[in-house]
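Below is one structure, written out as structure tokens; the observations come after it.
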Amino acid sequence: MKADKEKLIVIGNGMAGISTVEQILKLSGSYDITVFGSEPHPNYNRIMLSYVLEGSKTINDIILNDLNWYEDHGIKLYTDTTVARIDSVTRRVITEDGASMPYDKAIIATGSSPLILPIPGCDKQGVVGFRNIEDCNQMIEAARSYRSAAVIGGGLLGLEAAKGLVSLGMQVTVVHLMEDLMERQLDHQAALMLKDELERQGIGFAMEKKTTELIGGKRVEGLRFSDGTELACDFVVMAAGIKPNTSVAKASGIAVKRGIVVDDFMRTSMHHVYAVGECNEHRGVCYGLVAPLFEQGNVLAKHICGVATQPYEGSIVSTKLKISGVDVFSAGEFIEGPMHTVIAAQNDWKHTYKKILLQDGKIAGAVLFGDVTEAAPLQKLVKEHALMTDDIYNEIMGGGCCGSSGAKKSLSVETMASEEIVCGCNGVTKQMIVEAITEQGLTTVEEIKACTGATRSCGGCKPVVEQILQYVLGDGFQSESKQGICGCTKLSRDEIVAEIRGKGLKTIREVMNVLEWSHPEGCSKCRPALNYYLGMVYPAEHEDEKASRFVNERLHANIQKDGTYTVVPRMYGGVTTPEDLKRIADVSLKYDVKVVKVTGGQRLDLIGVKKEDLPKVWEELDMPSGYAYAKSLRTVKTCVGSQFCRFGTQDSMAMGALLERKFERLDFPAKFKMAVNGCPRNCAESCTKDIGIVGNDGGWEIFVGGNGGIKPRIADSFCKVKTDQELVDICGAVIQLYRETGKYLERTSEWVERMGLEAIQAAVLEDEEQRMQLLDRNNFALQQVEEPWSQVLRQNGTRRVMYGEVIGDAPHNQLEV
């Protein structure tokens with residue numbers, strides 16, 4: 001028996017290497033593990049870099065294994081340390097600074113690097129790749145000083161880089177050599193739809209362009225193409241592809257072709273040395289997607305630990321991705337040829353597309369765009385080369401994203417293979433989730449996340465994880481909606497609201513005392529929620545508790561990172577007057593407003609107002625608040641409609657203004673946006689709004705549950721009405737139902753999926769008595785609200801205490817706080 005554990009060195013601290021280590025830890029405790037990483041960070045999720053770039057996540061948010069994890073598992077981690085070579089004679093790993101360490105086994109997991117095109121000017125300042133945190137930081141820094149960027153490459157990395165730079169305020173053009181974006185994952189139609197959607201998001205494209213030179217002086221000033229045309233820019237991101245990092249292998253004499261050559265157990269040509277992930281080449285193939293590297297890691301971990309395993313025989317490449325908020329999926333063959341039978345469906349209104357390719361009656365490949373609900377069963381069918389049947393056809397093509405109506409079917413988790421990856425970000429399989437539930441008694445998605453890492457990153461797999469949980473627990477399953485709203489209580493949202501109604505609780509303090517909160521003062525999660533629920537239940541009696549609102553809501557303006565504020569006056573239906581525009585300009589000049597920004601909601605942001613100037617700015621604007629800071633109705637976006645457009649069939653501007661005046665200032669569970677189109681051409685983008693309205697010759701069509709944010713969702717068709725009054729009433733009833741049943745911070749996109757479209761339609765459309773009751777409660781709540789800027793202007797005490805404004809003595813008829 002050996003006295004000491006075998007020494008295992010992992011060269012590379014990325015997703016492939018550490019995923020393999022995680023599997024080894026589960027299988028065996030016989031290794032003393034050391035990890036070398038070239039970056040200064042612990043293991044993080046490279047898939048989430050685009051979120052860091054756009055600012056919705058920080059580096060801490062995408063860390064997969066923090067420093068405590070390495071310490072807890074006895075793993076020595078050397079960050080900022082690059083391995084130069086492996087000496088097979090002395091069995092030592094040598095770093096670039098000359099240090100060395102002995103090993104019994106070594107795993108090379110060095111991943112890949114961005115392909116920097118070897119063209120003149122590629123070494124100029126302002127040219128970066130997009131592969132790691134440092135690249136993100138350079139791009140964020142560039143966006144502070146420069147305005148125009150070119151991204152070379154229309155694959156996943158290039159498109160994510162482009163979206164991030166647009167989010168940072170840059171004008172971005174994607175330059176792509178091919179006719180189609182993501183030509184390795186999408187067919188021509190899906191690529192066209194993706195390009196169309198990204199253009200709507202503000203990204204420009206130069207397709208079928210070959211870059212031959214980066215022009216400029218020390219710093220890049222533009223691109224020159226093979227056709228002689230040029231594109232001016234002052235920042236360039238190279239995202240034309242990736243190449244395996246093979247330098248360690250080459251320096252060590254290990255066999256390398258395009259990648260490090262490995263066999264079916266990830267063994268290299270050097271004894272006791274393995275390679276896993278994007279750096280390797282298996283049977284002539286280098287993989288650049290996460291699923292294959294996790295599959296390789298599972299085989300390698302079992303082989304190293306002496307556990308029986310089937311060899312790795314390659315992966316059937318499938319891709320399920322979210323590109324700039326758009327879901328796409330492809331598996332197997334997706335470009336049709338003469339040997340294929342094509343099944344396809346396209347919905348231009350929903351922006352969705354499905355295609356299945358059959359060869360000899362068997363499913364050979366598939367493409368999904370906009371809705372990837374059927375991705376998991378399709379991936380399984382492609383892998384099995386399943387024979388197409390009427391049942392499969394009806395399940396995949398019937399209803400769903402391209403059907404006319406009907407709720408989507410749930411994924412069939414019962415038929416999913418045990419080894420199928422559920423969480424692509426973290427390589428978590430169905431079997432790992434099932435074992436965690438059965439062996440550790442897990443009962444919630446949050447517990448599964450903590451144990452396995454599933455849902456820990458982008459969250460896209462959460463519905464499938466919950467279905468697996470329900471499948472395993474059976475009658476013992478409790479929906480996540482039954483979990484406590486925060487760590488202060490075990491009560492769900494519905495239970496709390498029922499107790500507020502049943503026991504007549506009127507203040508946050510009463511709720512916490514009577515319902516036995518574990519933390520007497522509550523927390524930042526439950527206090528705002530309770531304040532909303534109390535105001536919703538008792539609109540006339542509840543006194544709003546300002547201290548329980550977020551700072552933006554307390555001060556009625558959006559705080560910026562430099563400590564100044566943004567003021568957004570209301571522009572009903574996106575329409576203003578010359579007088580209001582002049583007033584905005586005069587106030588902006590007087591109070592040194594830094595930027596006046598035209599928003600996507602058809603109004604103006606006044607960015608950079610000092611806190612103490614806020615009341616004076618509101619007073620001199622003499623316009624109502626646009627509620628850009630609130631969980632309330634933000635905007636009602638409109639097209640010009642029948643007043644001016646030759647295609648318009650309805651007066652969308654008038655209807656938009658009417659709806660905005662009707663429902664402004666009312667508190668909602670989350671921010672709320674509406675849009676009104678005068679015809680089905682969708683210029684006001686109704687399909688991505690909480691309530692979207694489309695005019696036609698016979699009246700109006702109402703859509704609900706849309707979202708254009710980080711997790712976009714196309715709105716569902718709710719109903720058609722003939723008159724303006726019907727439209728206003730239906731909107732009011734839907735709004736009130738959402739107010740009364742929505743969880744705090746739950747957008748309508750999530751609410752519709754949780755409640756079910758049919759249940760909402762039944763409550764609002766089929767039950768006339770309930771609809772009238774909802775409208776009565778909605779109208780009563782609207783009678784209690786007041787324009788907040790005007791309210792503050794009457795309260796000199798508030799102006800002094802909250803805003804630090806220096807004002808004279810308050811007149812006797814003014815209210816004090």
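Because the structure is predicted, anything quoted here is derived from the model rather than measured. All values below come from the heavy atoms of this structure, side chains included, with hydrogens, waters and symmetry mates left out.
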Should [X] and [Y] count as an ion pair when the cut-off is N to O under 4.0 Å?
X	Y	value
Glu740	Arg777	yes
Lys582	Asp586	yes
Asp690	Arg747	yes
Glu619	Lys616	no
Glu685	Arg200	no
Glu746	Arg754	yes
Asp562	Lys594	yes
Asp667	Arg549	yes

Under 3.5 Å, is there a donor-acceptor pair linking the side chains of [X] and [Y]?
X	Y	answer
Gln783	Asn779	no
Tyr572	Glu664	yes
Lys637	Asn677	no

Shortest non-hydrogen separation from [X] to [Y] and the atoms involved:
X	Y	value
Asp724	Trp700	OD1-NE1, 2.9 Å
Glu660	Arg634	OE2-O, 4.0 Å
Gly678	Ser652	N-CB, 3.5 Å
Glu786	Tyr627	O-OH, 3.9 Å
Pro569	Met623	CB-CE, 3.8 Å
Leu53	Glu160	CD2-O, 4.3 Å

Problem - Lys671 atom NZ: more than 12 heavy-atom contacts under 6.0 Å - result: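 Open.
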
Problem - Neighbour count >12 (heavy atoms, 6.0 Å) for atom CZ, Arg147 - result: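 Yes, enclosed.
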
Practice task
Please step through side-chain contact (heavy atoms from CB on, under 4.5 Å) for the pair Asp651 and Met653, ending with a clear verdict.
Solution key: CA-CA 6 Å; Asp651 190 349; Met653 288 196 296; 4.1 Å; yes

Exercise for the section: Could you tell me whether the side chain of Gln602 and the main chain of Thr638 form a donor-acceptor pair under 3.5 Å? Expected result: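 It does hold such a pair.
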
Practice task
Without swapping roles, check the side chain of Arg603 against the backbone of Gly626 for a donor-acceptor pair under 3.5 Å.
Solution key: yes

Could you tell me whether the side chain of [Y] reaches within less than 4.5 Å of the side chain of [X], counting heavy atoms only?
X	Y	value
Asp187	Lys355	yes
Tyr744	Pro528	yes
Glu766	Arg771	no
Gln736	Leu775	no
Trp789	Leu614	no

Exercise for the section: Name all residues meeting the side-chain hydrogen bond (donor to acceptor under 3.5 Å, both in side chains) criterion together with Glu221; count only those two or more places apart in sequence or in a different chain, and write none if there are none. Expected result: none

Practice task
I would like to know whether His176 and Phe205 meet ring pair (Phe, Tyr, Trp, His ring centres under 6.0 Å); could you show each step before the answer?
Solution key: CA-CA 8 Å; His176 195 47; Phe205 291 92; 9.1 Å; no

Practice task
Apply ring pair (Phe, Tyr, Trp, His ring centres under 6.0 Å) to the pair Tyr803 and Trp618, showing each step before the final yes or no.
Solution key: CA-CA 13 Å; Tyr803 299 94; Trp618 300 334; 5.6 Å; yes

